[in-house]
Every structure is written in C-alpha cells, then in structure tokens.
Amino acid sequence: MITIRKEEKEDHQKVFQLTEEAFREMEYSNHQEQFLVEKLRRSEAFIPELSLVAEDEKGRIAGHILFTKIKVINGEESYDSLALAPVSVKPEFQNRGLGGKLILEGHRIAKELGYESVILIGHEKYYPRFGYKKTSNFGISFPFDIPEENGMAVELVKDGLKDKKGVVKYPHEFGID
C-alpha cells in the first residue's frame with residue numbers, strides 16, 4: 001500500500017538520500033539531482049504542494065517527485081508552465097508503477113492549482129504513457145541541445161499549450177543560465 005502526500009520539512013534528509021540512491025546507477029545522470037532538489041526548494045520556482053513523497057505501509061519514503069515553475073519565452077511574450085524534475089524512486093521500488101503514481105498525482109494537483117502544462121527532459125519510451133509528446137509538436141524548444149525525442153510536454157487542460165511556442169526558461173537553480 002502506497003500513500004502519496006505533500007513533502008514536509010522533516011522529509012528533506014530522507015528525500016536527499018533517496019534521490020541520491022535513485023540516480024546512483026543511472027547512465028544519463030550527472031548524479032547531482034539531490035542537490036538540485038535542495039536548491040529548488042529554496043527558490044521562487046518552488047511550489048510546496050507539488051513536492052510529493054510516496055510512503056510505503058511502514059511509513060518509509062519510497063519515492064519523490066518535484067514540479068517547479070518555468071516559463072516559455074517567445075520574444076516579448078511569456079507563458080507559465082511547470083518543469084517535472086526529478087522523479088526519484090528507491091531502487092527496490094522501481095519498476096512497480098510508483099513513479100507513474102507520483103506523476104499522475106502531481107498532474108492532478110498541478111491542474112487543481114491552475115497550471116496548464118508540464119515540460120520535461122526524459123526517457124522517450126517512459127513518459128508518453130502519461131500523455132507526454134515531443135515539445136517540437138508544440139513549437140517549444142530548449143536553451144541547449146538535446147535529442148528531439150527527449151524533450152516532452154503534456155497539456156493538463158485542453159489546448160494548454162496551444163499557441164504557446166517559444167524557448168523554455170528554467171530558474172537559475174537548474175544551472176542552465
């Protein structure tokens with residue numbers, strides 16, 4: 001039995017350890033995700049309601065997901081969206097649907113909070129099952145080079161990205177400036 005809830009301050013150290021452990025063996029990782037989570041928590045982009053943990057029946061944190069504010073910039077125009085990064089699941093809980101539960105609950109809460117879209121860089125075979133499509137389909141690009149199939153977005157509401165073309169602008173905590 002898994003329970004998903006908002007992350008609390010007392011969870012921070014456990015989430016740090018979990019994130020480090022979740023990405024330790026990942027080939028496509030800079031192994032700094034745990035530090036990114038800490039930086040984003042202190043940023044203006046942080047949304048407490050969208051930092052979620054998954055607990056098992058014994059109250060152990062098995063997963064964490066974080067959505068933060070980003071912009072899509074097109075000349076003088078700017079549109080609000082969310083970045084999904086990172087999704088962390090303890091290795092012993094991986095491949096059991098836990099990441100998907102965190103993603104779907106995050107989408108539900110984000111929509112409730114009035115957000116219309118989520119943008120991410122991720123595995124092209126994993127995220128489409130949650131409705132993600134290539135950002136190039138929406139006319140959205142990134143401020144750095146990535147394989148086209150790894151930049152994805154989902155509309156949380158109908159036409160959430162319609163006519164919102166531009167370049168993703170990340171908070172400086174992502175280190176992309």
Side-chain angles (χ1 to χ4, degrees), residues 4 6-7 9 12 15-16 19 23 26 28-53 64-88 99-177:
I4 297 176
K6 184 178 144 195
E7 178 193 42
K9 193 174 186 352
H12 290 187
V15 168
F16 182 93
T19 306
F23 285 92
M26 293 282 176
Y28 300 105
S29 167
N30 65 3
H31 308 290
Q32 300 296 303
E33 289 83 0
Q34 65 275 19
F35 299 109
L36 175 61
V37 170
E38 287 194 330
K39 288 180 201 171
L40 288 169
R41 272 194 208 108
R42 295 188 301 266
S43 77
E44 290 181 18
F46 184 67
I47 306 161
E49 297 85 356
L50 288 173
S51 184
L52 304 173
V53 294
H64 175 257
I65 194 168
L66 183 60
F67 296 82
T68 49
K69 298 176 201 172
I70 58 171
K71 299 267 185 199
V72 176
I73 309 289
N74 187 354
E76 298 298 311
E77 295 182 315
S78 136
Y79 312 101
D80 293 329
S81 188
L82 294 171
L84 190 177
V87 179
S88 307
K101 287 180 175 136
L102 283 163
I103 291 167
L104 293 174
E105 180 64 3
H107 285 177
R108 186 190 69 74
I109 294 168
K111 186 176 173 181
E112 231 174 59
L113 293 173
Y115 291 95
E116 297 184 349
S117 63
V118 178
I119 296 172
L120 61 80
I121 298 167
H123 198 282
E124 71 276 6
K125 295 205 180 348
Y126 181 71
Y127 290 96
R129 69 183 80 168
F130 305 107
Y132 284 84
K133 298 177 172 75
K134 291 190 286 191
T135 52
S136 57
N137 294 350
F138 302 105
I140 295 172
S141 61
F142 294 87
F144 44 81
D145 289 332
I146 60 163
E148 182 183 2
E149 65 272 11
N150 298 121
M152 292 175 262
V154 67
E155 295 176 301
L156 298 175
V157 298
K158 184 175 173 20
D159 296 328
L161 286 170
K162 186 176 180 173
D163 301 322
K164 295 183 179 171
K165 300 172 182 4
V167 178
V168 176
K169 171 74 172 143
Y170 287 95
H172 74 273
E173 287 80 8
F174 276 91
I176 298 169
D177 296 329

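Only a predicted model underlies this, so the values are computations on that prediction, with no experimental measurement involved.
Across all non-hydrogen atoms, the minimal contact from Leu161 to Ala153 is CD1-CB, 3.6 Å. For the residue pair Lys111 and Val157, the shortest heavy atom distance occurs at CE-CG1, 4.0 Å.
Annotation: side chain of Val118 is in contact with side chain of Tyr132 (closest heavy-atom distance under 4.5 Å). The closest side-chain heavy-atom distance from Tyr127 to Val87 is below 4.5 Å.
Counting only residues at least two apart or in different chains, side-chain hydrogen bond (donor to acceptor under 3.5 Å, both in side chains) contacts with residues 134-146 comprise Ser136-Glu148. Residue pairs meeting the ring-ring contact (aromatic ring centres under 6.0 Å, His included) criterion with at least one partner in residues 140-165, sequence neighbours excluded, are Phe142-Phe144.
At least one donor-acceptor pair under 3.5 Å links the side chain of Asn150 to the backbone N or O of Gly122. Without hydrogens or angle criteria, Gln34 side chain to Phe16 main chain gives no donor-acceptor distance under 3.5 Å.
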Donor-acceptor contacts, no H, no angles, side chain residues 65-77, under 3.5 Å, sequence neighbours left out:
residue, atom, partner, partner atom, Å
Lys71, NZ, Asp80, OD1, 2.5
Asn74, ND2, Lys165, O, 3.3
Glu77, OE1, Tyr79, OH, 2.8

- Task: Might you work through the side-chain contact (heavy atoms from CB on, under 4.5 Å) test for His12 and Glu38, ending with a clear yes or no?
- Result: CA-CA 8 Å; His12 290 187; Glu38 287 194 330; 6.0 Å; no
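To the nearest 0.5 angstrom, Glu173 atom CD is 13.0 Å from Arg41 atom CZ.
Remark: Glu44 CD is loosely packed, at most 12 non-hydrogen atoms of other residues, nucleotides or ligands lying under 6.0 Å away.
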